[in-house]
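Here the structure comes first, spelled out in structure tokens, and everything after it is commentary.
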Amino acid sequence: MYRKILMRMRMRMMNATRKVVVGWAKEYKRYLSTTTTNQILLSPPLVSVDLPEIWGSTSTLYHHHPSQSPVSHLDEEKILNLVSLEKDVDGFHPINMGNLSMRGREPLFVPCTPKGCLELLLRSGVEIVGKKAVVIGRSNIVGLPIALLLQRHHATVTIVHACTKNPERITCEADIVVTAAGVPSLIRSSWLKPGAVVIDVGTCPVEDPSAEYGYRLVGDVCYEEALSIASAVTPVPGGVGPMTIAMLLCNTLDSAKRLYGFT
Ligand SMILES: NC(=O)C1=CN([C@@H]2O[C@H](COP(=O)(O)OP(=O)(O)OC[C@H]3O[C@@H](n4cnc5c(N)ncnc54)[C@H](OP(=O)(O)O)[C@@H]3O)[C@@H](O)[C@H]2O)C=CC1
Ligand SMILES: Nc1nc(=O)c2c([nH]1)NC[C@@H]1CN(c3ccc(C(=O)N[C@@H](CCC(=O)O)C(=O)O)cc3)C=[N+]21
């Protein structure tokens with residue numbers, strides 16, 4: 001019986017993870033190349049389209065509607081509004097974001113990278129309640145939802161962004177630092193309080209002729225420096241990135257379970 005249910009789930013998940021790729025951002029190819037979903041679920045087909053209108057004709061087929069951000073040449077707001085709320089596995093739909101930000105409301109999906117960061121903190125036994133958290137970056141897909149999530153877990157949250165005066169002084173008071181600025185080596189040891197927990201979301205390609213593809217990925221944090229002062233630091237690569245992919249799978253599974261009544 002259990003095997004039968006698993007088989008049915010798997011068949012449905014194969015449909016569920018078909019992706020409509022709108023545009024071809026360089027980063028997305030990278031994201032897809034690291035998406036284990038495809039390997040686990042027998043390489044579901046990809047459809048590359050340039051017009052959001054396609055959504056109308058395919059929306060009943062797909063149970064997973066990620067729209068790679070940024071959608072450089074298209075109207076991102078229009079696209080996000082077209083994503084069905086129940087299939088918004090990225091959690092970027094304004095209603096899901098709105099529910100994430102409101103007290104007493106529950107979003108259907110929490111954005112994958114922020115959810116992965118929180119999972120890292122919770123599973124590592126990091127106390128969040130009453131702690132000072134600083135989030136560096138305020139983008140819709142990373143900084144803002146991470147700040148909202150940390151606040152939901154009762155941290156006292158400060159958001160630092162490109163216009164913040166003296167960000168170092170603010171960050172060095174934090175028990176938890178989550179950085180998503182996309183600026184290599186922004187966070188030096190002087191930015192950190194001794195014992196702080198540091199989650200590095202930044203993923204920046206820097207030229208490196210000795211690397212296989214001519215570049216390597218680095219985070220926002222000077223890793224070696226941070227290690228000498230922080231109590232925990234996530235590496236790049238091998239930290240938040242793989243957690244994002246795991247959370248995408250998790251949201252997709254939740255979406256399919258909810259749609260087919262497997263609760
Ligand atoms: N590992 C993963 O799963 C993921 C990694 N990423 C990586 O995270 C990073 C951020 O991504 P994303 O949020 O999409 O990027 P955005 O460019 O949309 O946002 C960057 C944010 O950082 C702020 N910022 C930029 N420079 C500074 C600075 N010097 N000091 C303080 N704040 C600064 C910006 O401020 P302002 O708003 O004022 O401009 C902005 O809010 C990138 O490296 C990206 O590749 C992103 C998604 C997932
Ligand atoms: N709608 C939408 N959803 C996203 O989740 C989304 C997006 N748009 N736009 C771009 C960013 C970027 N992003 C990454 C996910 C995984 C890795 C990842 O797994 N990185 C590996 C590195 C892999 C390698 O070496 O190439 C690591 O950090 O270990 C990186 C980046 C998701 N994003």
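Reckoned from all heavy atoms, side chains included, excluding hydrogens, waters and symmetry mates. Both counts, for ligands and for their atoms, begin at 1 and track the order of listing. Computed from a predicted structure; not experimentally measured.
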Closest to [atom] (judged by heavy-atom distance), picking from [options]:
atom                    : options                : value
atom 45 (O) of ligand 1 : I146, T203, I159       : T203
atom 7 (C) of ligand 1  : V201, I245, I187       : V201
atom 29 (O) of ligand 2 : G202, A211, G238, G241 : G238
atom 33 (C) of ligand 1 : S139, A162, C204       : A162

Inset, instruction - Sequence neighbours left out, what passes salt bridge (Lys or Arg N to Asp or Glu O under 4.0 Å) with K193? Give chain and number order. - result: D175
Legend entry - Those residues that, when tested against R105, pass salt bridge (Lys or Arg N to Asp or Glu O under 4.0 Å) (two or more places apart): none
Atom indices of ligand 1 within 4.0 angstrom of [X] heavy atoms, with elements:
X    : answer
V183 : 26 (N)
A180 : 10 (C), 20 (C), 21 (C), 22 (O)
V142 : 13 (O), 46 (C), 47 (C)
G137 : 21 (C), 22 (O), 23 (C), 41 (O)
I136 : 31 (C), 32 (N)
T244 : 2 (C), 3 (O)
G182 : 9 (C), 42 (C), 43 (O)

Inset, instruction - For L217, counting its heavy atoms only, list the atoms of ligand 2 lying under 4.0 Å from any of them. - result: 22 (C), 24 (C), 25 (O), 26 (O)
Inset, instruction - Output the list of atoms in ligand 2 that are nearer than 4.0 Å to some heavy atom of I245, sorted by atom number. - result: 19 (O)
Inset, instruction - Examine ligand 1 and decide if any of its atoms is less than 4.0 Å from a heavy atom belonging to P167. - result: no
Inset, instruction - May I ask whether G202 places a heavy atom under 4.0 Å from ligand 1? - result: yes
Inset, instruction - State whether a side-chain donor-acceptor pair under 3.5 Å links S190 with E168. - result: yes
Inset, instruction - Kindly compute the distance separating CD1 (I128) from NE2 (H154), expressed to the nearest 0.5 Å. - result: 10.0 Å
Legend entry - Spatial distance of atom CG (L148) from atom CG (N99) [nearest 0.5 Å]: 11.5 Å
Structural part of [X] in contact with ligand 2, heavy atom criterion under 4.0 angstrom:
X    : value
L248 : neither
V240 : neither
P111 : neither

Legend entry - Same cluster (ILVMFWY, side-chain, under 4.5 Å), I176 and V240: yes
Legend entry - Short N or O distance, P237 and ligand 2, threshold 3.5 Å exclusive: no
Inset, instruction - Please indicate whether any nitrogen or oxygen in T244 is less than 3.5 Å from any nitrogen or oxygen in ligand 2. - result: no
Legend entry - Side chain, backbone, both or neither: T164 near ligand 1, heavy atoms under 4.0 Å: neither
Legend entry - Polar side-chain atom of T203 near backbone of V201 as donor-acceptor pair, under 3.5 Å: yes
Inset, instruction - Kindly say whether V221 contributes a backbone atom to a donor-acceptor pair with the side chain of D200 at under 3.5 angstrom? - result: yes
Inset, instruction - Tell me, please: is V236 in heavy-atom contact with ligand 2, that is, under 4.0 Å? - result: no
Legend entry - Proximity flag C112 to ligand 2, non-hydrogen atoms under 4.0 Å: no
Inset, instruction - State, yes or no, whether a side-chain contact exists between V89 and C112 at a heavy-atom distance under 4.5 Å. - result: no
